[in-house]
Amino acid sequence: YQRRVHGGCNTTFYLFEPNSLVYAKLKKQGEIQNFNFIRMAVSNTTGVAHFNENAHGVKVRNTNQVGHLLLSKPNNKRKHINVVNVTTINHFFKDITIDDIPLLKIDAEGFDYYVIQGATTLLPKVQVIIYECHDIWHTQGKVKLYDAVQFLFKMKFYSFLIGGKQGSLKLWGSYWNDTIEENLNWMNCIALPEGSPLFKYIPTYCKS
């Protein structure tokens, strides 16, 4: 993949992690060339927000996959909820010169669409977007996959649902079917910009 995208072999990585436990584990690895670890959440606004580090009440060692932002201040003081700094892709990189973004990988536990909304300025430079989709979009982020797909379509990005029982499906425009939203489970989507040379690697797996 790195050989197929411009600049892929010389990419600087920015990893945003608001979960204090996971961030600490990342920092324990020490300095890694071309990797920048940032303890912040990413959304469609800047400022601060409440973050649930242990959304499912599981043991601490397993909290790395279930933390998520909260849309509003919790009514009670629950354990594992902290206030974190929040940024947008647009804001964070406004003073950083970027030629190309080979990959924008999003795993925000129901808030992936928010991250995309906050990245509009840089989307023309993005070559591949991979974002997670799950029914927690509805319960935690209060958004729909359909809205994210159509938003990206207007930005000239074409989304495919990859993996799962459905196989890989085209999602944009008239390809959309509401049964996709109704049967979301833990899967990922890949979005490619118009004219991407990577399209030829996707259709082999598509059923639509």
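Values in this document were obtained by computation on a predicted structure and should not be read as measured data.
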Heavy-atom pair of closest approach, residues Pro18 and Phe51: CG-CE1, 3.5 Å

Correct closest heavy-atom pair for Thr88 and Gly118 would be CB-O, 3.5 Å

With rounding to the nearest 0.5 angstrom, report the CZ to OG1 distance, Phe92 to Thr87. 7.0 Å

Short question: side chain of Lys142, backbone of Thr139 - any donor-acceptor pair under 3.5 Å? yes

Are Ser43 and Leu69 side-chain neighbours, meaning at least one heavy-atom pair lies under 4.5 Å? yes

Would you kindly say whether Tyr114 and Thr45 are connected by a side-chain donor-acceptor distance under 3.5 Å? no

In the structure I gave you, are the side-chain heavy atoms of Phe93 and Tyr14 within less than 4.5 Å of one another anywhere? yes

Non-hydrogen side-chain atoms of Leu198 and Val128 separated by less than 4.5 Å: yes

Full working for side-chain contact (heavy atoms from CB on, under 4.5 Å) between Leu184 and Leu145: CA-CA 9 Å; Leu184 280 184; Leu145 174 61; 3.7 Å; yes

Quick one: CD on Glu53 to CD1 on Ile81, what's the gap to the nearest 0.5 Å? 10.0 Å

Quick check for you: to the nearest 0.5 Å, what is the distance between Tyr23 atom OH and Met40 atom CE? 11.0 Å

Nearest heavy-atom neighbours spanning Ile89 and Ala119: CB-CB, 3.6 Å

Rounded to the nearest 0.5 angstrom, the CD-CG distance for Glu17 and Asp107 is 9.5 Å

Does one hydrophobic cluster hold both Leu71 and Val83, with members joined at side-chain heavy-atom distances below 4.5 Å? no

Heavy-atom pair with the smallest gap, counting every atom of Ile98 and Ile101: CG2-CG1, 3.6 Å

Would you say that Ile180 contacts Leu171 through its side chain, given a criterion of any heavy-atom pair below 4.5 Å between the two side chains? yes

CG (Leu70) and CD (Gln140) are apart, to the nearest 0.5 Å, by 8.5 Å

Kindly compute the distance separating CD1 (Ile190) from CD1 (Ile130), expressed to the nearest 0.5 Å. 5.0 Å

Given Ser196 and Gln127, is the side-chain contact (heavy atoms from CB on, under 4.5 Å) satisfied, shown in steps? CA-CA 7 Å; Ser196 171; Gln127 299 176 52; over 6 Å; no

Can you tell me if Gln29 has over 12 outside heavy atoms packed within less than 6.0 Å of its CD? yes

Please report the closest heavy-atom contact between Lys144 and His138, naming both atoms and the distance. CA-CD2, 4.3 Å

Aromatic ring pairing His68/Phe111, orientation class (parallel under 30°, perpendicular over 60°, tilted between): parallel

For the residue pair Trp186 and Glu132, establish whether any side-chain heavy-atom pair is separated by less than 4.5 Å. yes

Whether the Thr179 and Asn177 side chains hold a donor-acceptor pair (N or O, under 3.5 Å, no angle test) is what I'd like checked. yes

Please find the pair of heavy atoms, one from Ile32 and one from Phe37, that lie closest to each other, and give the distance. CD1-CZ, 4.1 Å

Could you go through Val48 and Val84, starting from their C-alpha distance and side-chain angles, then the distance that decides it, and tell me whether this counts as side-chain contact (heavy atoms from CB on, under 4.5 Å)? CA-CA 5 Å; Val48 296; Val84 298; over 6 Å; no

Within the structure provided, determine whether Val149 and Leu161 are in side-chain contact (heavy-atom separation under 4.5 Å). no

Could you check whether the rings of Tyr131 and Trp137 sit parallel, tilted or perpendicular, using 30° and 60° as the cut-offs? tilted

Under 3.5 Å, is there a donor-acceptor pair linking the side chains of His134 and Glu109? no

Could you go through the side-chain contact (heavy atoms from CB on, under 4.5 Å) check for Phe157 and Leu123 one step at a time? CA-CA 9 Å; Phe157 274 82; Leu123 282 183; 4.1 Å; yes

Any non-hydrogen side-chain atom of Ile129 less than 4.5 Å from a side-chain atom of Ile106? yes

Around atom NZ of Lys105, are there more than 12 heavy atoms from other residues, nucleotides or ligands closer than 6.0 Å? yes

Please tell me if the side chains of Asp100 and Lys125 come closer than 4.5 Å, counting only heavy atoms from C-beta onward. no

